[in-house]
Amino acid sequence: MTIIDRLSSALAVVAGVMVILLIGVMIYEVVCRYVFNAPTLWASDMTYMLGGALFVLSAAFALKEKGHVSIDFLAQMLPERLRCLISGLLMACVALPAFTAISWVAANKAISAYERGSVDPVSAFAPKLWPFYSIISIGLAALSLQILVTAIRDFTKAAQRHA
Amino acid sequence: MHDPLLAGLMFPALFALILLGLPVSFSLIATAFGFALLSFGDIAPNQLFRFLDSVASNPTYAAIPLFVFMGAMLERSGIAVRLFDAMRLWLGRLPGGLALAAISMCAIFAAGTGIVGAVEVMVGMMAIPAMQKYRYSNDLIAGTICAGGSLGTMIPPSIVVVVYATQAQVSIGDMFAAIVLPSLLMVAFFLGYALLRCAVRPQDGPPLAADELAIPLNEKLRITATSLLPALALVFAVVGSIMAGIAAPTEAAGVGALGTILLTLFYGELKASVLWLATRATLVITAMVMLIVVGGTMFTSIFQANGGRQLIQGFLDAMNLTPNQTILVILLIIMLLGFVLDWISIVLICVPIYDPLLRAAGIDPIWFGVLAIVAIQTSYLTPPMAPSLFYLRSIAPPDMSYRQMAFGVMPFVLCQLLVLLVVFLLPGTATWLTSFVGF
């Protein structure tokens, strides 16, 4: 389970680099457009790809850090072990199937984008789409794994006699 | 495939999951998934992925990590202490001077971020000990900090506004412009209340001792020039360039983010650890916000696909409301939801549902957006279920009771309702500035 934690943190580091890159791309584009009057073709594609990829990549990390907002005032009133049991069940039986299914679609999409060599249909720069979809599917898969780990931890806590 | 009954069941299912403590974003996505399976069968995962793809590929949302980064960096830049010093020097002589300093500081800081809790905790940690030293009454301290902290939802460049404008399909620049005057009005009301109360009851918030303010004028100007001016310049440059239509929100946010890094460098606080902490906070908050955006998009899309719009329209037709009544009903629902849900879910769930109804009734979506954001901010502050009170509790001194906090915020809640009323009665407060924006 610590391996999954490390995976989530490692993806967050990659996402962190993307934040800095995104700032860099914006500055570069601003300078090109307003100073040299020569906007780039690729900046707008990079913007959505970095923006989209970085939040999917850090979703697992946010779960590990308990950063996903939840409304827990009712749950707080329950005894701790019952609360862990409920949380584990919700994670394992409700959240996990949904995210696993979506990850599966994302992975297929990445593979087919690679095989067909699809490019962005709207963009003038026409970037290849498979790197973007690969990153999205890696992020979603990591999130699914982190959900599984969270559920296992909740169950372990619920099973402990002296919580 | 229309099954209004199924659509009607989505909300109870969602609330059950949320109240059981499953994170809001997961609840939204899981509910959408379950109901999509019921009504569309095997293609449900493909459909849901399409919604995720559309959110992830929307370049407007790239502004969110940048604005969050700007706020997170500003928080760690060391400007906070300097800014509070400057505010204290200028406002200290007035009745309730420290409360005024704290509110003004929140207003400037809120402009730098969109994250309410962070500003509130930071300003609270500085201002509470200072105010306690001068024996300010506890309820005034609590109200000041909570109300100041809640300004982050409104004052541009607020990420609430970014998400709202994107959902309501209006320009982010127009929405920023529309909310400027109501924000200023709210800050003015907050300041006015603190000033008035301490003028009438000096024991609640005395002015600072003269010797604490005995600083030569040029020293005072130097402190101001190195703290207040750079922060204001940054915010005006970012918000101004968006409003004037010169720069796209993402570009302005990128420049703002670079600006805060340079500011931190200028104060000699720039270290790798600071940069990493700010980035890390950015990632966690962005992932949280964006996953709710994804979940909300999935939830409302499946709701609409099941005939949810007809369901809501049917309810409204049955009630037979005038446009003004419709507005009040929607605002009331938003405030009630605000007691339970976070702002992002409210915007994501409600806006796609009511926006077409408003447009059909000929109501200005930007003006209504301002009302809705003020309503969200009000529910953010109103006890007993007020997130801003929870943040305060984490930093409150031991002698401050929950009762004092709850009573302390009430006058500020009234100020917010007053702003809501003013904007409702005089739509010009929201629409006037937008007429100058973007040529």
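Just so we're on the same page: letters track the sequence lines, and every chain starts at 1. Note that the structure is a prediction, hence the values are computed from the model and not measured. Only this structure's heavy atoms are used, side chains among them; waters, hydrogens and symmetry mates stay out.
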Test item: [X] and [Y] side chains (from C-beta on) under 4.5 Å apart, heavy atoms:
X: A:Phe55; Y: B:Val289; result: no
X: B:Trp276; Y: A:Val13; result: yes
X: A:Ser9; Y: B:Arg280; result: no
X: B:Thr286; Y: A:Val19; result: no
X: B:Pro65; Y: A:Leu54; result: yes

- Query: Side chain, backbone, both or neither: which part of B:Phe69 has an atom under 4.5 Å from a heavy atom of chain A?
  - Reply: side chain
- Message: Using heavy-atom distances under 4.5 Å, tell me whether B:Leu66 contacts chain A through its side chain, its backbone, both, or neither.
- Response: side chain
Side chain, backbone, both or neither of [X] within contact of chain B (heavy atoms, under 4.5 Å):
X: A:Ile102; value: both
X: A:Ile136; value: side chain
X: A:Ser87; value: neither
X: A:Leu57; value: neither
X: A:Leu96; value: neither
X: A:Leu50; value: neither
X: A:Ile86; value: side chain
X: A:Val30; value: side chain

- Task: Start with the C-alpha distance between B:Phe26 and A:Leu63, add both sets of side-chain angles, then the distance that settles side chain to side chain contact (heavy atoms under 4.5 Å, CB included), and finish with yes or no.
- Result: CA-CA 10 Å; B:Phe26 293 8; A:Leu63 176 61; 4.0 Å; yes
- Note on the structure: Scored by heavy-atom pairs under 4.5 Å with chain B, the best of A:Lys109, A:Met18, A:Met26 is A:Met26
- Message: Evaluate B:Val24 against A:His68 for side chain to side chain contact (heavy atoms under 4.5 Å, CB included), listing each step before the verdict.
- Response: CA-CA 7 Å; B:Val24 175; A:His68 289 295; over 6 Å; no
- What option among B:Asp53, B:Thr31, B:Ile292, B:Leu48 has the most heavy-atom pairs under 4.5 Å with chain A? B:Asp53
- Taking B:Asn58, B:Leu17, B:Val55, B:Leu19 one by one, which has the highest count of heavy-atom pairs under 4.5 Å against chain A? B:Leu19
- For side chain to side chain contact (heavy atoms under 4.5 Å, CB included), just list the numbers for A:Leu143 and B:Leu291, CA-CA rounded to whole Å, side-chain angles, deciding distance to a tenth of an Å, and then say yes or no. CA-CA 11 Å; A:Leu143 177 59; B:Leu291 211 56; 4.2 Å; yes
- Query: For the atom pair OH (A:Tyr48) and OG1 (B:Thr250), what is the distance rounded to the nearest 0.5 Å?
  - Reply: 14.0 Å
- Message: Nearest 0.5 Å, please: how far is CD1 in A:Ile20 from OG1 in B:Thr279?
- Response: 4.5 Å
- At their closest point, which heavy atom of B:Phe49 faces which heavy atom of A:Leu140, and how far apart are they? CE1-CD1, 4.3 Å
